[in-house]
Amino acid sequence: MMDKDRLRKADIFSGITFSVLGLYIISQAVKMPMKGSWGGVHNVWYVSPALFPLLVGALITLTGGLLVRTAMKEVGFEAVKQVGRYLLSPAFSTFLKQESTIRFYAVITVLVSFVFGFVPRVDFFLSAIAFLLVFILLFYLEDARILMKLFRFYACQLLIFLVLFLTPLHTLLTGIIPYPADILMLGFILSFALYAHGFCKKNDLLKKKYMTGLIVAVIAPLFIGICFKYLLLVPMPFEGMVIAVLDYLWYL
Amino acid sequence: MILLERIGSFFTILLGLASEPLNLAILFGSVVMGILFGAMPGLTSTLGVALLTALTYGMDTSLAMICLLAIYVGGTYGGSYAAILINIPGTAAAAATAMDGYPLACKGEGGRAIGLTTTASAIGTIISMLFVVSISPLISRFALQFTSFEFFLLAFFGILISGTLTSPDLVIKGWIAGLLGLFLACIGRDLLQFYPRFTYGIPDLESGIEVVPVLIGAFGIPQIIGVIKDRFQIGKTQKLQRILPEIGTVLKNIPAIIRSALTGVGIGAVPGIGEDIAGWVSYGTAKNTSKHPETFGKGEIQGVIASETANNACVGGAMIPLLNLGIPGSPPAAMLLGALMLHGVTPGPMITFEHPNFILEVAAILLLASMAMWVAGMLLAKQVVKVLRIPTQVFMPVIAMLCVIGSYSLGLNIFNLYLMLPVGIICYFLTTMGYPIAPLVIGVILGPMADENLRRALMVSEGSFLPVFQRPVSLILFLIIVWTIASQLPWFKRKLSAIKKAVFKQSL
Amino acid sequence: MKKIIIASLVLVMALAPLAWAKKSFPSRNITAVVVWGAGGGTDTCVRIITAEMQKFMDVNINVINKTGGVAGSVGMSHAYSQKHDGYTLCGLSESNVTAGVQGGWDKKFDVWDTFIVGGSPDLISVTADAPYQTIQELIEAAKKNPKSIKAAASGAGSIHHLNLLAVENGSGAQFHFIPYKGSAPSQNAAMTGEVTVVVTSLAEQQQLLRGGKLRALGMLIPDSFEVADLGTIPSAFDAYPGLSKYLPISQAIGFAVPADVPREAKDVLVDTFNKAMATDKVKTWAKENYYLLSGKTGAESKAVFDALESNFAWTLWELGAATVSPETLGIPKP
């Protein structure tokens with residue numbers, strides 16, 4: 001949480017955002033059926049599906065407005081100008097480039113690529129191993145220079161992945177070889193591990209951290225995944241190459 | 001007479017449960033797992049119950065209840081380890097414990113503090129269990145007073161009060177968070193007429209927003225982002241010495257323990273708010289009534305006892321509305337509700353008719369779980385701390401993976417993941433801006449209840465609001481809501497203090 | 001460590017093709033995807049029947065729940081998107097036939113080959129303190145003051161709502177319909193006195209009936225029904241023969257496979273299904289839970305689902321609760 005003065009400044013902006021959201025909710029709700037029969041229920045204003053969204057929308061607009069008023073009273077209009085000036089000043093662009101902000105981008109990228117990119121398309125074991133490997137090595141080595149390099153490398157890999165799925169390439173490949181995405185992911189894991197190893201081999205501490213990361217990244221998904229898939233009978237989000245093999249071994 | 005009979009059947013059930021070795025094995029296993037969950041930052045008892053719900057699938061109802069309640073009790077207690085030893089509350093419930101626990105640990109009294117909280121937590125759970133046994137039938141009868149109007153007001157009150165109490169900054173921000181939750185709850189086909197609202201033609205949204213991914217996203221993701229971004233370093237673990245607590249200190253604090261337990265039960269019984277708030281309120285009361293309020297925050301053993309007793313007593317308190325009204329009293333209780341329905345038990349006013357012994361069974365399990373928790377706590381305290389020595393940068397990614405598989409495995413719907421992550425990222429920004437997260441989640445849980453019951457109530461009364469004032473329960477609820485809102489208005493606060501002053505002068 | 005990882009990866013690559021090797025049906029575990037929530041009627045029913053079926057096969061049948069969408073469309077789409085090889089069953093019930101007209105499913109229901117286990121019959125009941133002792137008294141009172149008596153059933157387009165509508169159409173009475181989220185909340189509402197009449201299935205209502213909290217007035221099937229500790233519940237058809245034009249609309253719980261599953265796999269499933277239906281376990285379970293067993297497969301069950309589909313689809317369309325016209329899906333009028 002921020003300090004009080006900055007909180008109030010943020011409140012002005014979040015309050016306005018929420019008020020706008022509230023107005024949007026109201027604008028959508030008035031389009032809902034208000035009278036006539038719907039679903040076997042005789043419709044009057046108090047039965048309408050619009051009633052509750054209208055109420056919620058109105059309350060959000062109101063509370064958002066009140067928040068803006070409270071914050072304005074405390075810091076005044078001058079604060080809005082200050083924020084505006086800050087956003088244009090070089091101090092802001094330094095903030096965008098400072099290490100903790102870069103770490104923030106990296107966490108978000110890793111999470112988003114895992115959830116929206118890998119989980120629905122690649123074998124769960126492979127995607128989880130890749131996710132953990134990248135996530136752990138990016139931050140655990142605790143070196144801003146390595147973080148930047150690894151992050152760039154990962155971004156390139158993501159680009160290749162995007163090309164595979166946004167073009168007809170994937171459908172084309174599926175006809176020729178089995179599990180093209182899984183094989184690509186395997187390549188990603190190996191190349192990322194090798195690339196990261198390059199930074200670690202000269203330093204004993206980094207070497208140790210690298211090994212820990214590698215072991216956790218492989219063991220944790222296997223352990224959790226096998227528990228869920230075979231003991232709890234929860235099918236994995238996407239079952240590809242590794243699961244086909246495990247299935248074969250399990251039902252041997 | 002009826003009470004004696006109930007106590008008799010209570011002990012029969014208790015012995016029946018305890019004589020089964022499998023039950024005991026599951027009980028201890030689950031308690032230990034719960035403690036581990038509680039002690040690990042980012043994993044809460046809510047998540048523990050959520051993950052285990054999928055696991056208890058194939059078990060029969062009573063075994064599943066043992067498993068889930070034990071996780072719940074253990075998880076609520078486990079949060080105190082991390083709070084005391086390293087100043088990071090393992091769960092939100094233990095946030096108040098850290099206030100005095102960590103200073104105690106710094107003074108080298110960490111072992112003593114843990115020993116005392118273990119005992120206090122066990123006593124808290126047992127007291128709340130007594131309430132479940134003795135007051136539940138009364139509340140069941142009372143529950144038949146609840147028609148659609150009351151349910152609407154209750155849901156509304158739950159959101160309002162959680163917004164009021166949890167807000168770390170301005171109260172109005174808590175309300176906004178609750179309203180955002182209510183908005184999320186509107187998404188999907190409406191329950192009465194099946195009209196699609198805010199679905200934008202996306203078929204996955206038709207059945208509405210699921211609670212579990214919102215819950216996991218809202219609590220887990222901000223924690224993961226925050227810890228990694230700010231490079232949070234967990235400090236060196238303190239040395240633990242004596243774990244067994246001194247009987248003398250426990251006896252001396254009995255009045256404080258009982259008061260905290262009552263606070264916990266009361267807050268747990270209010271639908272929608274839970275352990276985290278119970279800890280704070282009890283801590284606040286202890287500080288206000290103490291003869292030496294200045295020692296609080298500097299290692300006052302009473303502060304630790306107050307919050308820990310209350311948050312564990314809350315478990316039993318939360319069971320009362322859950323079992324009798326079908327309304328979850330806290331987020332983990334919301335998960336329990338889902339788990340119960342999975343096993344074909346629908347809690348609500350009918351439970352005493354449909355499953356007459358179920359409430360007693362829950363009470364018996366609570367008692368067993370609190371005893372198991374005490375034993376496990378005494379044995380585990382030294383070992384459990386070692387888990388926290390895993391570096392956060394290795395730990396958090398694994399937790400992130402758990403969050404993903406956790407929100408997927410209930411419902412087996414990948415769409416839940418697409419929901420969890422954006423909710424989590426938005427909640428991260430909301431947290432940094434001083435908005436509490438709990439009301440948002442509670443809004444999502446109680447939203448459908450508020451919406452459906454408001455409209456149905458008006459349908460039954462044919463558009464009239466008059467029944468609100470004619471029915472005693474709804475009138476009381478209505479007045480409480482008005483009071484809660486009014487007490488936040490500045491002019492009302494001024495009036496109130498003026499009245500207080502006048503009364504004070506006269507009595508002088 | 002690296003060597004171990006590489007070695008295991010090589011093993012994975014080498015074994016992958018083997019996993020496709022074909023054997024006779026069923027050579028591996030079968031998955032049953034239940035489109036309704038765990039613990040509900042459909043879920044329990046499917047779990048019971050598959051547990052009995054797997055005793056006659058060498059493999060297990062794993063039951064999973066995949067809920068959500070419109071009328072279970074998420075689970076249905078998932079089951080249909082799997083290979084049509086008989087290894088994926090879809091646990092469903094009569095309510096799923098509405099997925100089409102509600103815009104969650106773009107096919108007619110006969111893309112499925114269904115196996116019907118059975119269902120619990122619906123009945124109409126009133127609260128214990130209501131003045132109506134027989135179905136005639138209730139209907140006559142409702143006719144005298146149309147829309148004055150409050151009647152609860154689960155939400156628009158559910159099987160219980162359709163049954164209530166059929167009662168209204170067949171008898172000429174009109175109730176004030178109050179929708180609830182499911183059967184349990186509608187029964188709770190009757191207990192609190194919010195509504196007077198409630199329509200749910202016998203399985204859901206039996207505890208309250210036996211506990212004297214509700215009074216059964218009539219079964220919505222042609223035959224009367226025997227309930228332990230309660231005696232015989234008469235059929236509503238006895239008093240109002242006109243009902244037979246609209247009723248019965250019965251539950252049909254069971255599972256389905258895509259219709260184009262290979263012949264040999266389907267034969268094995270039909271055979272084991274019939275064997276399972278004949279077991280004592282299934283029979284006792286049905287009796288204890290007030291289910292009427294059906295056991296229909298193939299053309300017989302297709303006829304049942306066709307009738308349900310046209311009834312549900314057109315009723316919803318007329319109520320204005322459907323988004324897709326039944327005509328565009330090729331569903332005939334009942």
Side-chain angles (χ1 to χ4, degrees), chain A residues 1-2 7 10-11 14 18 21 25 28-29 32-33 38-39 41 43-49 51-53 55-57 59-60 63-64 66-67 70 100 103-104 107-108 111-112 114-116 119-120 128 131-132 135-136 139-140 142 212-213 216-217 220-221 224-225 228 232-235 237, chain B residues 54-55 57-58 168-170 172-173 175-176 179-180 182-183 185-186 190 192-195 197-198 221 224-225 228-231 391 393-394 396-398 400-402 404-405 408-409 412 414 417-418 420-421 424-425 429-435 447 450-452 454-456 458-459 462-463:
Chain A
M1 226 164 73
M2 319 172 205
L7 266 183
D11 284 349
S14 63
F18 289 133
L21 175 73
I25 296 172
Q28 292 294 304
M32 294 172 188
W38 183 272
V41 180
N43 213 347
V44 220
W45 67 267
Y46 53 80
V47 206
S48 164
L51 180 66
F52 196 67
L55 185 72
V56 171
L59 284 175
I60 290 182
T63 44
L66 279 175
L67 182 65
T70 320
S100 75
R103 274 205 296 270
F104 176 73
V107 178
I108 299 286
L111 284 172
V112 168
F114 179 53
V115 166
F116 289 90
V119 171
F131 167 72
L132 285 183
F135 203 161
I136 294 173
F139 303 106
Y140 187 40
E142 293 181 271
T212 317
V216 172
I224 293 169
F228 272 76
L232 306 173
L233 303 175
V234 175
Chain B
L55 288 182
Y57 236 54
D169 187 30
L170 299 172
I172 199 163
K173 286 176 158 179
W175 295 352
I176 292 180
L179 288 168
L180 287 179
L182 287 182
F183 167 60
C186 286
D190 97 89
L192 296 186
Q193 283 163 288
F194 237 59
Y195 183 82
R197 297 189 295 203
F198 305 101
I221 299 293
I224 292 164
I225 299 177
I228 293 290
K229 176 179 166 280
D230 302 325
R231 239 196 211 169
Q393 295 99 327
V394 176
M396 281 300 161
V398 177
M401 194 186 71
L402 276 175
V404 167
I405 195 136
Y408 163 78
S409 55
L412 304 178
I414 292 186
L417 298 180
Y418 300 162
M420 177 204 70
L421 192 57
I425 294 174
F429 286 113
L430 289 180
T431 323
T432 38
M433 288 191 289
Y435 287 87
D451 173 21
E452 190 195 339
L454 169 66
R455 286 160 55 203
R456 191 183 307 117
L458 290 170
M459 216 185 267
E462 286 168 6

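Everything quoted here is computed from the prediction, not taken from an experiment. Throughout, protein chains are lettered first and strands after them, A, B, ... in sequence-line order, and every chain is numbered starting at 1.
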*Asks:* Decide yes or no for F139(A) and P397(B): does some side-chain heavy atom of the first lie under 4.5 Å from some side-chain heavy atom of the second?
*Replies:* no

*Asks:* Select one option (side chain, backbone, both, neither) describing which atoms of L454(B) are under 4.5 Å from chain A's heavy atoms.
*Replies:* side chain

*Asks:* Under a 4.5 Å heavy-atom cut-off, does chain A meet the side chain of A450(B), its backbone, both or neither?
*Replies:* both

*Asks:* Restricting to non-hydrogen atoms, name the atom on M401(B) and the atom on A128(A) that form the minimum distance, rounded to 0.1 Å.
*Replies:* SD-CB, 3.7 Å

*Asks:* Measuring heavy-atom distances to chain A, does V404(B) have an atom under 4.5 Å in its side chain, in its backbone, in both, or in neither?
*Replies:* side chain

*Asks:* Heavy-atom pairs under 4.5 Å with chain B: which of G57(A), A29(A), A217(A), P120(A) has the most?
*Replies:* P120(A)

*Asks:* Side chain to side chain contact (heavy atoms under 4.5 Å, CB included) for F135(A) and I228(B)? Distances and angles first, verdict last.
*Replies:* CA-CA 10 Å; F135(A) 203 161; I228(B) 293 290; 4.0 Å; yes

*Asks:* How would you list, by chain and number, every residue that makes a ring pair (Phe, Tyr, Trp, His ring centres under 6.0 Å) with F183(B), sequence neighbours excluded?
*Replies:* F198(B)

*Asks:* Please name the pair of heavy atoms, one in L132(A) and one in V398(B), separated by the smallest distance, quoted to 0.1 Å.
*Replies:* CD2-N, 3.7 Å

*Asks:* Classify the angle between the aromatic ring planes of F116(A) and Y418(B) as parallel (below 30°), tilted (30 to 60°) or perpendicular (above 60°).
*Replies:* parallel

*Asks:* Examine whether an atom of V216(A) lies under 4.5 Å from a heavy atom of chain B, and if so say whether it belongs to the side chain, the backbone or both; otherwise answer neither.
*Replies:* side chain

*Asks:* Of the non-hydrogen atoms in R455(B) and S48(A), which two are nearest, and what is the gap between them?
*Replies:* NE-O, 3.3 Å

*Asks:* Report which part of F131(A) has an atom under 4.5 Å of a heavy atom belonging to chain B: side chain, backbone, both, or neither.
*Replies:* side chain

*Asks:* Where does L51(A) contact chain B at under 4.5 Å (heavy atoms): side chain, backbone, both or neither?
*Replies:* side chain

*Asks:* Between L59(A), L55(A), T63(A), who has the most heavy-atom pairs with chain B when the cutoff is under 4.5 Å?
*Replies:* T63(A)

*Asks:* Could you look at E452(B) and say if it's the side chain, the backbone, both or neither that has a heavy atom under 4.5 Å from chain A?
*Replies:* neither

*Asks:* Got a sec, which residues hit side-chain hydrogen bond (donor to acceptor under 3.5 Å, both in side chains) with T70(A), two or more places apart in sequence or on another chain?
*Replies:* none

*Asks:* Once rounded to the nearest 0.5 Å, what's the spacing between atom CD1 of I224(B) and atom CG of L111(A)?
*Replies:* 6.5 Å

*Asks:* Is there a donor-acceptor pair under 3.5 Å between the side chain of R197(B) and the backbone N or O of P49(A)?
*Replies:* yes

*Asks:* Side chain, backbone, both or neither: which part of I60(A) has an atom under 4.5 Å from a heavy atom of chain B?
*Replies:* both

*Asks:* When rounded to the nearest 0.5 angstrom, what distance separates CD in Q28(A) from SG in C186(B)?
*Replies:* 12.0 Å

*Asks:* Between D11(A), I108(A), V112(A), which residue shows the highest count of heavy-atom pairs closer than 4.5 Å to chain B?
*Replies:* D11(A)

*Asks:* Output, in order, the C-alpha distance, side-chain angles, deciding distance and verdict of side chain to side chain contact (heavy atoms under 4.5 Å, CB included) for K173(B) and L7(A).
*Replies:* CA-CA 11 Å; K173(B) 286 176 158 179; L7(A) 266 183; 3.9 Å; yes

*Asks:* Please state whether the side chain, the backbone, both or neither of I225(B) comes within less than 4.5 Å of a heavy atom of chain A.
*Replies:* both

*Asks:* Rounded to the nearest 0.5 Å, what's the gap from CD1 on I172(B) to CG on L66(A)? Could you check?
*Replies:* 4.0 Å

*Asks:* Can F18(A) and L180(B) be said to form a side chain to side chain contact (heavy atoms under 4.5 Å, CB included), step by step?
*Replies:* CA-CA 9 Å; F18(A) 289 133; L180(B) 287 179; 3.4 Å; yes

*Asks:* Between V56(A) and L179(B), what is the shortest heavy-atom contact and its length?
*Replies:* CG1-O, 3.7 Å

*Asks:* Specify which of G64(A), G225(A), P221(A) makes the most heavy-atom pairs with chain B at under 4.5 Å.
*Replies:* P221(A)

*Asks:* Could you go through the side chain to side chain contact (heavy atoms under 4.5 Å, CB included) check for S14(A) and Y435(B) one step at a time?
*Replies:* CA-CA 10 Å; S14(A) 63; Y435(B) 287 87; 2.7 Å; yes

